[in-house]
Amino acid sequence: MPELPEVETVRTGLEKLIVGKSIENITHDWEKSFPNDPASVSQFAIGSRITAAKRRAKVLLIELSSNYTLMTHLKMTGQLVYVGNERFGAGHPNDSLINKLPDKSTRVTIKFTDGSNLFFNDQRKFGWMKLLPNELVSEEPFMQKVGPEPLEIEFTDKIFVQRVRRRKNSNIKAVLLDQTVLAGVGNIYADESLWSAKIHPATIVKDMSDKQLKLLHHELLAVLKLSIEKGGSTDRNYVNAEGKKGSYIDFAKVFRREGKPCSRCGATIEKTRVAGRGTHLCPTCQKH
DNA sequence: CACTTGACCTGTCCGC
DNA sequence: TGCGGACAGGTCAAGT
């Protein structure tokens, strides 16, 4: 669920909430969620200060004053939630998530010297947080092969078309989900952008025109930008760094709207399987 | 090589 | 009510 807009929203929150804080201690309850050498953790994380919160694709890069980075992937159910000292503070009802943490899904707890905490919660344990020297971050296999950031100005429609066409025999949905083609798109924004561009998700790339692909590029950027504006999509688990949900799902045209009318033509939205994923589409607007 | 499928996990929902 | 199975969907490894 956390895709580019969700991870970017978390990043913005972390930048505001934890940059400048010093780490007092880190604990974890699941090895794969925090697979780091304890000696490195005590030497390069404990006692360090958070200097920046960056993002590349769906990966968060929390930089430390020791020139190490806490590289974090939320995968499907990961959450990074900051909890300050005032648990029952203004704007937070007693039953809000931040008053319940840590809970049974808390995998890693980063305690700061001022008594506040950053909790890495992850129900399904697919996510991870690993400590690396800054210079080794770009050496990670994923970072080596991941494609360009779609919202960077250099990512033109020409480059989009060029990169998508490398996968000429695949269906367009699989290509949008391929992180080596472009970074950050997941199931929600693949479905939403294909609806916007009136393209059937199972369309094979070689059967598509440049005009169609350029339109898809345009619609994808619009969808990603709108979602960032709305704080991302909360389908099930996603919350931002303050434990709050995003509202993009209220603006979604097809995702989780199966059985409901298409806002463009009135036909009933369908759910099917494309590229091994649950796929939402309008059977009338999105023809092969 | 290009492309597809299964594994990693837990919680929820649906049918019997 | 309880129980099995399908499903959720990001990424990597293994398969065709």
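Here is the naming used below: chain letters follow the sequence lines, and residue numbers restart at 1 for every chain. From a predicted model like this one, the values you see are computed outputs, not experimental measurements. Atom set for the values below is all heavy atoms of this structure, side chains included, hydrogens, waters and symmetry mates excluded.
The side chain of A:Lys145 contributes no N or O atom lying less than 4.0 Å from OP1 or OP2 of C:dT11. At the phosphate of C:dG10, neither OP1 nor OP2 sits under 4.0 Å from any side-chain N or O atom of A:Gln179. The side chain of A:His73 contributes an N or O atom lying less than 4.0 Å from OP1 or OP2 of C:dT11. For A:Lys75, no side-chain nitrogen or oxygen approaches OP1 or OP2 of B:dC8 to under 4.0 Å.
A 3.5 Å limit on both hydrogen-bonding distances identifies B:dG11 as the Watson-Crick or G-U partner of C:dC7.
The NZ atom of A:Lys125 sits 10.5 Å away from the OG1 atom of A:Thr77 when rounded to the nearest 0.5 Å.
Of the possible donor and acceptor atoms, one in the side chain of A:Asn187 sits under 3.5 Å from a partner among the backbone N and O of A:Gly278.
The interatomic distance linking A:Asn171 (CG) with B:dA2 (P) rounds to 16 Å, in whole Å. Distance CZ (A:Phe255) to P (C:dA8): 9 Å, rounded to an integer number of Å. Atom NZ of A:Lys168 is separated from atom C1' of B:dC3 by 11 Å (rounded to the nearest Å). As rounded to whole Å, 14 Å separates atom P of C:dC12 from atom CG of A:Leu177. Across the protein-nucleic acid pair, A:Arg273 atom CZ and B:dT4 atom C1' stand 13 Å apart, rounded to whole Å. The separation between A:Lys271 atom NZ and C:dA8 atom C1' is 8 Å, rounded to whole Å. Rounded to whole Å, atom P of B:dG11 lies 13 Å from atom CD of A:Gln79. Rounded to whole Å, atom P of C:dG10 lies 17 Å from atom CZ of A:Arg56.
Closest contact between the side chain of A:Lys104 and the listed nucleotides B:dG11, B:dC9, C:dA8 involves B:dG11. Nearest nucleotide to the A:Asn169 side chain, out of B:dC9, B:dC3, C:dG10: B:dC3.
Among the atoms of the strands shown, none is found under 4.0 Å from any heavy atom of A:Gly276. In this structure, A:Arg256 reaches the sugar-phosphate backbone alone: every heavy-atom distance under 4.0 Å involves primed, P, OP1 or OP2 atoms, never a base.
We find that A:Arg277 and A:Asp191 are not joined by a salt bridge, their nearest charged nitrogen and carboxylate oxygen being 4.0 Å or further apart. One finds a salt bridge joining A:Glu149 and A:Arg56 here, because a Lys/Arg side-chain nitrogen approaches an Asp/Glu carboxylate oxygen to under 4.0 Å. Taking 4.0 Å as the cut-off between side-chain N and carboxylate O, A:Glu15 and A:Arg11 count as a salt-bridged pair. Salt bridge status for A:Asp29 with A:Lys104: absent, with no side-chain N to carboxylate O gap under 4.0 Å.
Comparing the same atom, P, in B:dC3 and in C:dG9 gives a spacing of 23 Å after rounding to whole Å. As rounded to the nearest Å, B:dC1 and C:dT11 have P atoms that lie 23 Å from one another.
Taking only distance into account, the side chain of A:Arg124 meets the base of C:dA8 through a donor-acceptor pair shorter than 3.5 Å. For A:Arg277 against C:dG10, a side-chain-to-base donor-acceptor contact under 3.5 Å is present.
The aromatic ring of A:Phe126 stacks onto the base of B:dC8, its centre lying under 5.5 Å from the centre of the six-membered base ring with the two planes under 30° apart.
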